[in-house]
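Working notes, beginning with the structure itself.
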2 protein chains.
Amino acid sequence: MARLVDIAQAAGVSVGLVSRVLNEDPVARATPATRQRILKAASHLGYRPNYAARALKFSRTDTISLVVPDLTNAMFTELMRGVEDESGALGYTVLLGRSESLTNQDQISQLLDQGRVDGFLLQARDDESTQSLTALIGSSPVVLINGRLDTHPGSVMIDDRAASGTAIDYLLVRGHREIGLINGLRSSLTARLREEGYREALQRSGIRPVEAWITHLGYRALDAGPALAQIMQNDHRPSAVVVANVNAALGVLTKARELGLGVPEDLSVIAIHDAWTCDHTWPPLTTVRMPLYDLGARAVRTLHDRLRGSVGVDSVVDTVAPLVVERASVRSLS
Amino acid sequence: MARLVDIAQAAGVSVGLVSRVLNEDPVARATPATRQRILKAASHLGYRPNYAARALKFSRTDTISLVVPDLTNAMFTELMRGVEDESGALGYTVLLGRSESLTNQDQISQLLDQGRVDGFLLQARDDESTQSLTALIGSSPVVLINGRLDTHPGSVMIDDRAASGTAIDYLLVRGHREIGLINGLRSSLTARLREEGYREALQRSGIRPVEAWITHLGYRALDAGPALAQIMQNDHRPSAVVVANVNAALGVLTKARELGLGVPEDLSVIAIHDAWTCDHTWPPLTTVRMPLYDLGARAVRTLHDRLRGSVGVDSVVDTVAPLVVERASVRSLS
DNA sequence: TTGTACGCGTTATCAC
DNA sequence: GTGATAACGCGTACAA
């Protein structure tokens, strides 16, 4: 509402001076007296710099967009917090979006070209193909979350190998040797890494993975039911499954009940990622908690650096080790 | 990237003309030939109007903000879809936010004064007091979702009375006569209306509400456990409870298990609002589905009218009747 | 120390 | 039909 000119008038000085004082321009300091008059007038009139004018002047909005596949996935709460906290610290405003809503063509470059946002933090849907993703982001300032593109440096990931490795180790300690994996789509890098971690952890203990116990049907609850059914139709069944995602784990629990399988008596279940809802499933779901807050914060810093001119960098947030949140969906066989 | 002047140069005309042609200015039409040249140059250069410049010119951003208490509440998925669809149709961009993040002072007026958004769609936290809310929104263009302020016209609500009334009727038909209510905080208008609907529906059937079976501890899962415990410590227990919210219902299911109460054998549970997660609770949760999509769309239209100068209007979205989604948490007593 | 003037990209008003 | 120009609010180089 109040503009620079208004407070200049109120303080009896020129706009230029007001601008410099308010921006604490180090080169030209004003007389303490006028300085005070300006500050007082500014606070009195409740001055707020006009955003559009600044954006126009600097061709920069100090706004970044965080896009995730599903905002309602409680798993993302922590990620959002990390993003928002770090953004606040770095002076960015965060604009939230859902992957679905940027389905068509070049909505990213559109928002960029329009000068609505400076850059993106993007977690793609896991059924998004590499090539469509490549086309989508082009050379835009985009930091990929939980994804990576060889052609486009600039990404942050959790340690997916360690995630499933931790789950496996937890199960091994409790006597499980026959362990299945209900995984995301093969197109998803995250899913591939989790599978690697799964295989490696088993092999470290001299166990050979059973291919019939590994599915790649997706991260949604909807996908996980059929996945479990498929695994359980084998004559030889696993005593436990690692589910690559909390939502999928919900589907697993439901399907297990449908199949007359008790969890954890007949089947132990452990999921990667954690959410408060896991306290309220039946049985309460044991999970592997990953440092999503840090992931979000790191993503913001990575984008910030990129916007400052650095070349994009790929990194894995492994400063905090995966943590098993013990609830009641895993049984000890010993 | 490409500006008006670029395409003016490419087409060999002036910027003004380009602007008029691109905006389909009805008053001054250009020669078909030049018109074509301009259009061609524009599409060739991939012209996109600069957002900040427009905002500066019009002191209007065509951006509105939707703020809800908890983005991860699956209940809001539909609301968001309604908001986004209608916004798209009306030419607005939607900026998502969480109520928590606008805790302090005047963040609303700040965003408004900065010219970042034109107006707000706001669902307050239910523990937000009337006076702090009043202070928060002042005279800003804010449409309240599921809330109303006598001092500030401009709100949309679902038919909360009908919601609990529908739940009660469903239970009555199945032979329940002793029905509790696990409600939101008394400070929440929504909770008060749901309680009214609850009382009215019971009384219509000649049943006198039992005060000891009514709690007002909040909408969170966390709040609902104690609420159920409190109700169940009475000598005389209800055969069913209406829970005012899906999240709270999760807490109820968990607490019931803890108390050794079978659902629905010992206690029937029905929740207001619906979400996909209700398919994956145990037992699957029977709910009353409310027209949240329409609510979101109506909210946008209401704000749009307000921004166009209309006086704020309060309305109840009751075009679609509450719908019971039958799952398995209610038992028939007959 | 302080004031003036220009430009960011767009639209609108007024000439030609 | 079309072009020049002012204005939106801000920051800053330059002048005083």
Original post:
Has R54(A) got a side-chain N or O lying under 4.0 Å from the OP1 or OP2 atom of dG11(D)?
Top reply: yes
**OP:** Return the value, rounded to whole Å, for the distance between atom OH of Y51(B) and atom C1' of dC8(D).
**Re:** 15 Å
**OP:** Could you pull out all residues at least two apart from T130(A) that satisfy side chain to side chain contact (heavy atoms under 4.5 Å, CB included)?
**Re:** T134(A), L149(A)
Subject >> Distance in angstrom units between L4(B) CG and dT2(D) C1', rounded >> reply: 15 Å
**OP:** Check ring pair (Phe, Tyr, Trp, His ring centres under 6.0 Å) between H304(A) and all other residues, then give those that pass, not counting sequence neighbours.
**Re:** Y92(A)
Original post:
In terms of side-chain heavy atoms, does R116(A) have a donor or acceptor partner in T93(B) at a distance below 3.5 Å?
Top reply: yes
**OP:** Would you jot down, in residue-number order, the residues of residues 36-47 of chain B having a non-hydrogen atom under 4.0 Å from DNA chain C?
**Re:** Y47(B)
Subject >> Spacing of D6(B) atom CG relative to dG9(C) atom P, expressed in whole Å >> reply: 8 Å
Subject >> Check ion pair D62(B)-R60(B) (N to O, under 4.0 angstrom) >> reply: yes
Subject >> Side-chain N or O of N50(A) closer than 4.0 Å to phosphate OP1/OP2 of dC10(D) >> reply: no
**OP:** Please state how far atom CD in Q9(B) lies from atom P in dA4(D), giving the value in whole angstrom units.
**Re:** 13 Å
Original post:
Roughly, in whole Å, what's the span from CZ in R35(B) to P in dG3(D)?
Top reply: 16 Å
Original post:
Taking CG from D25(A) and P from dT1(C), how many angstroms apart are they, rounded to a whole number?
Top reply: 12 Å
Original post:
So what does T31(A) hit on the nucleic acid, given a heavy-atom distance under 4.0 Å: a base, only sugar-phosphate, or nothing?
Top reply: sugar-phosphate
**OP:** Check side chain to side chain contact (heavy atoms under 4.5 Å, CB included) between D126(B) and all other residues, then give those that pass, not counting sequence neighbours.
**Re:** L185(B), S188(B), Y219(B)
**OP:** Only pairs at least two apart or in different chains count here, so list each salt bridge (charged side-chain N to carboxylate O under 4.0 Å, His left out) that has a residue in residues 298-312 of chain B.
**Re:** E86(B)-R301(B)
Original post:
If only side-chain N and O atoms of T34(A) are considered, is one of them under 4.0 Å from the OP1 or OP2 phosphate oxygen of dT1(C)?
Top reply: no
Original post:
Does a donor on one side chain and an acceptor on the other come within less than 3.5 Å for Y47(A) and D113(B)?
Top reply: no
**OP:** Give a yes-or-no answer on whether the side chains of T63(B) and Y51(B) include a donor-acceptor pair shorter than 3.5 Å.
**Re:** yes
Original post:
Are side-chain N/O atoms of N146(B) and T190(B) paired as donor and acceptor at under 3.5 Å?
Top reply: no
Original post:
Reading nucleotides 3-8 of chain C from the 5' end, what letters show protein touch, with B for base, S for backbone sugar-phosphate only, - for no heavy atom under 4.0 Å?
Top reply: BB--BB
Subject >> Under 4.0 angstrom between S59(A) side-chain N/O and dG9(C) OP1 or OP2 >> reply: no
